[in-house]
Asks: 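For reference, the structure I am asking about is given below.
A quick note: this is a predicted structure, and the numbers were derived from the prediction, not measured.
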Amino acid sequence: MTDMTGVDDALEHIERLRHGEVLTTERASAVLALHRAGRLADYQLSAWLATIAARGLRFPETVALTRAYLGPDRQRAAVGGGGGRPVVDKHSTGGIGDKTTLVVVPLVAALGVRVCKLSGRGLGIAGGTIDKLESVPGLRLAFTGAELAARIAADDAVIGSFSGELVPGDTATYGLRSVSGCVRSAPLIAASIVSKKVAVGADAVVFDVRYGAGSLVPDRGAAHRLAGLLVRLGGAFGMRCRAVLSDGSVPLGRTVGNAAEVDEAIDFLRGRGDGRLAAECEALAVQMVRVAEPDEPEARIRERLRSAVASGAALSVFVRMLTAQGGDTTPILRGDGYCRPAVRTLVRARRAGWVTDVSALDIGRAALKLGAGKVFAGDVIDPHAGIRLARPLGGRVAEGDVLAEVFHREGFDGGAAVVLVAGAVRIGPREDCRVPREPEPVPQADARAGAAGEVASKDAADASSGVVADVSAGVAADVCAGVAADVSAGVRADGTGAFHV
């Protein structure tokens with residue numbers, strides 16, 4: 001819509017879009033240009049996003065939105081510089097405790113594969129890689145295209161955030177999605193992710209599509225459809241893409257927070273990783289190496305990955321990457337880590353049994369209440385806030401055992417978060433223990449087939465029209481709702497400041 005010159009034109013476009021007008025690159029670009037010029041307010045851009053989320057988009061419209069996100073020049077950064085070796089990227093749709101990027105980027109780079117990872121901030125209750133890495137003092141994360149090219153030329157690994165120059169449309173809309181109820185919209189998810197991969201000039205991308213409570217995607221079926229959309233959309237921009245489905249029904253690893261998850265990733269690279277975290281990181285790393293080295297047998301790739309951890313090569317790449325980006329690596333070298341909360345509140349078991357389940361949704365809500373994420377756009381994240389789970393899923397506990405530690409700042413009333421953590425860790429008989437699914441690489445043929453139809457759950461999309469709508473089938477997490485601040489609601493305190501489930 002080249003004649004969109006003012007707010008009235010944009011509002012008329014939103015109304016027509018709501019009633020079925022086709023979204024084109026020109027119309028989407030015009031809306032974004034008005035916002036960049038300061039002529040369209042955040043709340044008006046949010047109305048546009050909400051219309052897309054509610055109505056859904058067909059595949060050509062999703063391609064158009066992705067092009068609009070890239071901006072008027074729509075140029076790839078070409079960070080690889082034509083050096084012969086492909087540049088690989090990965091992206092997770094987000095989940096509670098998902099720190100896989102912090103592990104697989106240095107791990108895959110240790111095998112000689114160039115990895116340029118363009119990341120984002122947290123959405124909803126799911127933490128973002130950039131939020132986590134900002135807990136490293138001095139670390140530089142915002143890069144232009146030229147700077148990314150220089151970094152990947154100097155080292156095989158870089159993790160950065162997107163600057164407005166790289167993906168101006170996504171820069172304008174990313175934060176608004178989180179605070180306007182649009183987090184679960186499949187076309188907005190896909191356009192956001194793929195635009196960043198196109199901007200960085202990646203040759204190949206592996207998508208980690210997480211599903212279950214606490215993830216953006218509610219179930220495995222919806223995850224499979226979203227994976228298909230991502231693979232197809234990436235292919236439309238000339239990238240080789242693969243996808244892995246991951247069960248996000250329980251937190252990944254032992255920690256949830258920002259500095260806490262950085263420390264856990266470092267422990268993993270030292271060879272002290274949680275079993276589920278190891279399985280998911282290896283599944284993703286195998287696919288990342290396969291797109292770069294298609295002739296390498298999978299068994300040999302797994303052997304090389306495990307050797308890179310055992311030898312310390314992967315940790316060395318991580319330290320070198322942080323140093324090159326200006327980060328203070330002293331806490332790694334000293335071994336005391338980045339997470340230094342002022343207060344640690346213990347949650348203890350009130351009875352013996354087994355840890356039968358850990359609610360990712362409640363743990364994520366608790367972390368948000370502690371300040372590890374944002375409820376409102378202007379909120380300030382506390383890098384040291386978070387949760388450490390002391391007992392693994394399926395682990396046996398005795399009465400009085402510590403189930404979790406809750407990290408928060410001095411003077412902060414963490415009672416509501418403690419209640420959530422206490423309720424999230426469930427104790428019962430061994431036969432009731434949840435067994436999460438193993439990570440599942442999506443066969444290429446399945447991904448292409450899944451991309452052909454709708455991505456939304458069956459009640460959230462018009463299957464007859466092929467419209468891509470919301471991945472959640474109407475399920476929405478109210479992260480602010482109704483959690484009692486009184487720590488006496490369901491828990492009891494002892495004289496040591498610990499709380500008992």
Asks: Using modelled atom types only, decide if a donor and an acceptor are shared between the side chain of Asp203 and the backbone of Met239 within a distance under 3.5 Å.
Replies: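 Not confirmed, Asp203 side chain does not pair with Met239 backbone.
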Asks: Is it the case that the side chain of Thr62 and the backbone of Arg58 share a donor-acceptor pair, with hydrogens and angles ignored and the cut-off at 3.5 Å?
Replies: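 Answer holds: yes.
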Asks: I'd like to know if the side chain of Ser92 reaches the main chain of Gly94, judged simply by a donor and an acceptor atom lying under 3.5 Å from each other, with no hydrogens or angles considered.
Replies: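 Such a contact is found between Ser92 side chain and Gly94 backbone.
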Asks: Looking only at atom types and distance, does a side-chain atom of Arg27 sit under 3.5 Å from a main-chain N or O of Val22, one as donor and one as acceptor?
Replies: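 Yes; judged by distance alone, with no hydrogens or angles, the pair exists.
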Asks: Would you say that Tyr69 contacts Val198 through its side chain, given a criterion of any heavy-atom pair below 4.5 Å between the two side chains?
Replies: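 Tyr69 does not reach Val198 side chain to side chain.
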Asks: Gly364 and Ile96: which non-hydrogen atoms are nearest, and at how many Å?
Replies: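 In this case the closest contact between Gly364 and Ile96 is CA-CD1, 3.7 Å.
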Asks: Rounded to the nearest 0.5 Å, what separation is found between the CD1 atom of Ile189 and the CG atom of Leu216?
Replies: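 Nearest 0.5 Å value for the CD1-CG distance: 5.0 Å.
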Asks: Main chain of Phe59, side chain of Arg232: is a donor-acceptor contact present, judged purely on distance under 3.5 Å?
Replies: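 Checking the backbone N and O of Phe59 against the side chain of Arg232, no donor-acceptor pair under 3.5 Å is found.
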Asks: Consider only side-chain N and O atoms of His35 and Asp42, and report whether a donor and an acceptor are under 3.5 Å apart.
Replies: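 A donor-acceptor contact under 3.5 Å links the two side chains.
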Asks: When rounded to the nearest 0.5 angstrom, what distance separates CG in Leu102 from CG in Leu133?
Replies: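 Reported to 0.5 Å precision, the distance equals 5.0 Å.
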Asks: So Tyr211 and Thr93, side chain to side chain donor-acceptor pair (under 3.5 Å) or not? Walk me through it.
Replies: CA-CA 9 Å; Tyr211 60 90; Thr93 56; over 6 Å; no
Asks: Pair Ser246, Asp208 - check side chain to side chain donor-acceptor pair (under 3.5 Å), show working.
Replies: CA-CA 7 Å; Ser246 302; Asp208 177 20; 2.6 Å; yes
Asks: So do Ile363 and Leu420 actually touch side chain to side chain, heavy atoms under 4.5 Å?
Replies: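 With C-beta onward as the side chain, the pair stays apart.
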Asks: Quick check: closest heavy atoms across Thr255 and Ala260, and the distance to 0.1 Å?
Replies: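 Reported closest heavy-atom pair: OG1-O, 3.4 Å.
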Asks: Check Arg290 with Glu298, please: is the shortest side-chain N to carboxylate O separation under 4.0 Å?
Replies: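 Looking at Arg290 together with Glu298, the answer is yes, because their closest N to O distance falls below 4.0 Å.
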Asks: I'd like to check Ser135 versus His384 (side-chain heavy atoms, cut-off strictly below 4.5 Å). Are they in contact?
Replies: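 No, every pair of side-chain atoms sits at 4.5 Å or beyond.
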Asks: Just by distance, no angles: are the side chains of His13 and Trp48 close enough, under 3.5 Å, to form a donor-acceptor pair?
Replies: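 Note: His13 and Trp48 side chains meet the donor-acceptor criterion.
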Asks: Could you go through the side chain to side chain contact (heavy atoms under 4.5 Å, CB included) check for Arg304 and Glu296 one step at a time?
Replies: CA-CA 11 Å; Arg304 291 167 61 197; Glu296 183 79 338; 3.0 Å; yes
Asks: What's the verdict on side chain to side chain donor-acceptor pair (under 3.5 Å) for Thr100 and Lys90, showing C-alpha distance, side-chain angles and the deciding distance?
Replies: CA-CA 10 Å; Thr100 55; Lys90 62 83 66 175; 3.0 Å; yes
Asks: Between Glu280 and Arg210, is there a salt bridge with N-O shorter than 4.0 Å?
Replies: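 Salt bridge flag = yes for Glu280 with Arg210.
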Asks: Quick check: do Val244 and Phe207 have side-chain heavy atoms less than 4.5 Å from each other?
Replies: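 With C-beta onward as the side chain, the pair stays apart.
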Asks: Could you tell me whether Arg55 and Glu21 have a side-chain N and a carboxylate O separated by less than 4.0 Å?
Replies: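 Between Glu21 and Arg55 there is no salt bridge, as every charged N stays at least 4.0 Å from the carboxylate O atoms.
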Asks: NZ/Lys197 to CG/Asp89 distance, rounded to the nearest 0.5 angstrom?
Replies: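 Taking NZ in Lys197 and CG in Asp89, the distance rounds to 3.5 Å.
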Asks: First locate atom CD1 of Ile159, then atom CD1 of Ile130, and finally report the distance between them rounded to the nearest 0.5 Å.
Replies: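 Answer for the CD1-CD1 pair, Ile159 versus Ile130, is 7.5 Å.
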Asks: Regarding Tyr43 and Ser180, is there a side-chain donor-to-acceptor distance under 3.5 Å anywhere?
Replies: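 Looking only at side-chain atoms, Ser180 and Tyr43 do not form any donor-acceptor pair under 3.5 Å.
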Asks: Quick check: do Val88 and Val108 have side-chain heavy atoms less than 4.5 Å from each other?
Replies: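 In short, these two side chains do not touch, never coming nearer than 4.5 Å.
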Asks: How far apart are the C-alpha atoms of Lys374 and Ile381, what are their side-chain angles, what is the distance that settles it, and do they pass the side chain to side chain contact (heavy atoms under 4.5 Å, CB included) test?
Replies: CA-CA 7 Å; Lys374 293 185 178 183; Ile381 289 176; 3.9 Å; yes
Asks: What are the two closest heavy atoms between Lys132 and Asp98, and how far apart are they?
Replies: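 Shortest heavy-atom separation between Lys132 and Asp98 comes out as CE-O, 3.3 Å.
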Asks: Considering all heavy atoms of both residues, which atom of Ser161 and which atom of Ala142 are nearest to each other, and what is their separation?
Replies: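 So the minimum-distance heavy-atom pair works out to OG-CA, 3.4 Å.
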Asks: With salt bridge (Lys or Arg N to Asp or Glu O under 4.0 Å) as the criterion, how do Lys99 and Glu264 come out once you've worked through the C-alpha distance, each side chain's angles and the decisive distance to 0.1 Å?
Replies: CA-CA 8 Å; Lys99 66 228 11 119; Glu264 185 176 8; 3.0 Å; yes
Asks: Check the pair Phe143, Val158 against side chain to side chain contact (heavy atoms under 4.5 Å, CB included), reporting the backbone distance first and the verdict last.
Replies: CA-CA 10 Å; Phe143 296 102; Val158 60; 4.2 Å; yes
Asks: Mark yes or no for whether Thr51, through its side chain, and Arg18, through its backbone, hold a donor-acceptor pair below 3.5 Å.
Replies: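 Here the side-chain-to-backbone pair does not exist.
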Asks: So, does Glu261 use its side chain to make a donor-acceptor pair with the main chain of Gly257 at under 3.5 Å?
Replies: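 It does hold such a pair.
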Asks: With heavy-atom distances below 4.5 Å as the criterion, would you say the side chains of Asp362 and Arg365 are in contact?
Replies: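 Touching, per the 4.5 Å side-chain cut-off.
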Asks: Rounded to the nearest 0.5 Å, what separates atom CG in Leu40 from atom CG in Leu32?
Replies: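 These two atoms lie 9.0 Å from each other.
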Asks: For a side chain to side chain contact (heavy atoms under 4.5 Å, CB included) check, start with the C-alpha distance between Leu269 and Val103, then their side-chain angles and the critical distance, and finish with the verdict.
Replies: CA-CA 7 Å; Leu269 295 171; Val103 172; 4.2 Å; yes
Asks: Would you sort out whether Ser192 and Asp170 count as a side chain to side chain donor-acceptor pair (under 3.5 Å), showing the intermediate values?
Replies: CA-CA 6 Å; Ser192 173; Asp170 191 57; 2.8 Å; yes
Asks: Do Arg114 side-chain atoms and Asp156 backbone N/O form a donor-acceptor pair below 3.5 Å?
Replies: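 Looks like no, no N/O pair under 3.5 Å.
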Asks: Do Val167 and Leu70 have side chains that approach each other closer than 4.5 Å (heavy atoms only, starting at C-beta)?
Replies: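 Counting from C-beta outward, Val167 and Leu70 do come under 4.5 Å.
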Asks: Under the 6.0 Å and 45° cation-pi test, does Arg320 pair with Phe318?
Replies: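 Negative - Arg320 is either too far from the ring of Phe318 or too far off its axis.
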Asks: Quick check: closest heavy atoms across Ala109 and Ala157, and the distance to 0.1 Å?
Replies: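 That would be CB-CB, 3.7 Å.
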Asks: With a sphere of 6.0 Å drawn around CD of Glu438, does it hold more than 12 non-hydrogen atoms of other residues, nucleotides or ligands?
Replies: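 No, because the 6.0 Å sphere around CD of Glu438 holds 12 heavy atoms or fewer from other groups.
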Asks: State whether Glu134 and Arg140 are salt-bridged, where the test is any N-O pair (Lys NZ or Arg NE/NH1/NH2 against Asp/Glu carboxylate O) under 4.0 Å.
Replies: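 No salt bridge links Glu134 with Arg140.
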Asks: Determine whether a donor-acceptor pair (N or O, by modelled atom type, separation under 3.5 Å) exists between the side chain of Asp155 and the backbone of Ile152.
Replies: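 The answer is no, because no donor-acceptor pair under 3.5 Å joins these two groups.
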Asks: Please check this pair: side chain of Ser185 against backbone of Cys182, looking for a donor-acceptor N/O pair closer than 3.5 Å.
Replies: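 No; judged by distance alone, with no hydrogens or angles, the pair does not exist.
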Asks: Measure across Ala190 and Leu233 and return the closest heavy-atom pair with its distance rounded to 0.1 Å.
Replies: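 Heavy-atom minimum between the residues: O-CD2, 3.6 Å.
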Asks: If you measure from NZ on Lys117 to OG1 on Thr101, what distance do you get to the nearest 0.5 Å?
Replies: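 Here the interatomic distance stands at 4.5 Å.
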Asks: Do Ile387 and Leu370 come within less than 4.5 Å of each other through their side chains, counting heavy atoms only?
Replies: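 Contact flag for Ile387/Leu370 side chains = yes.
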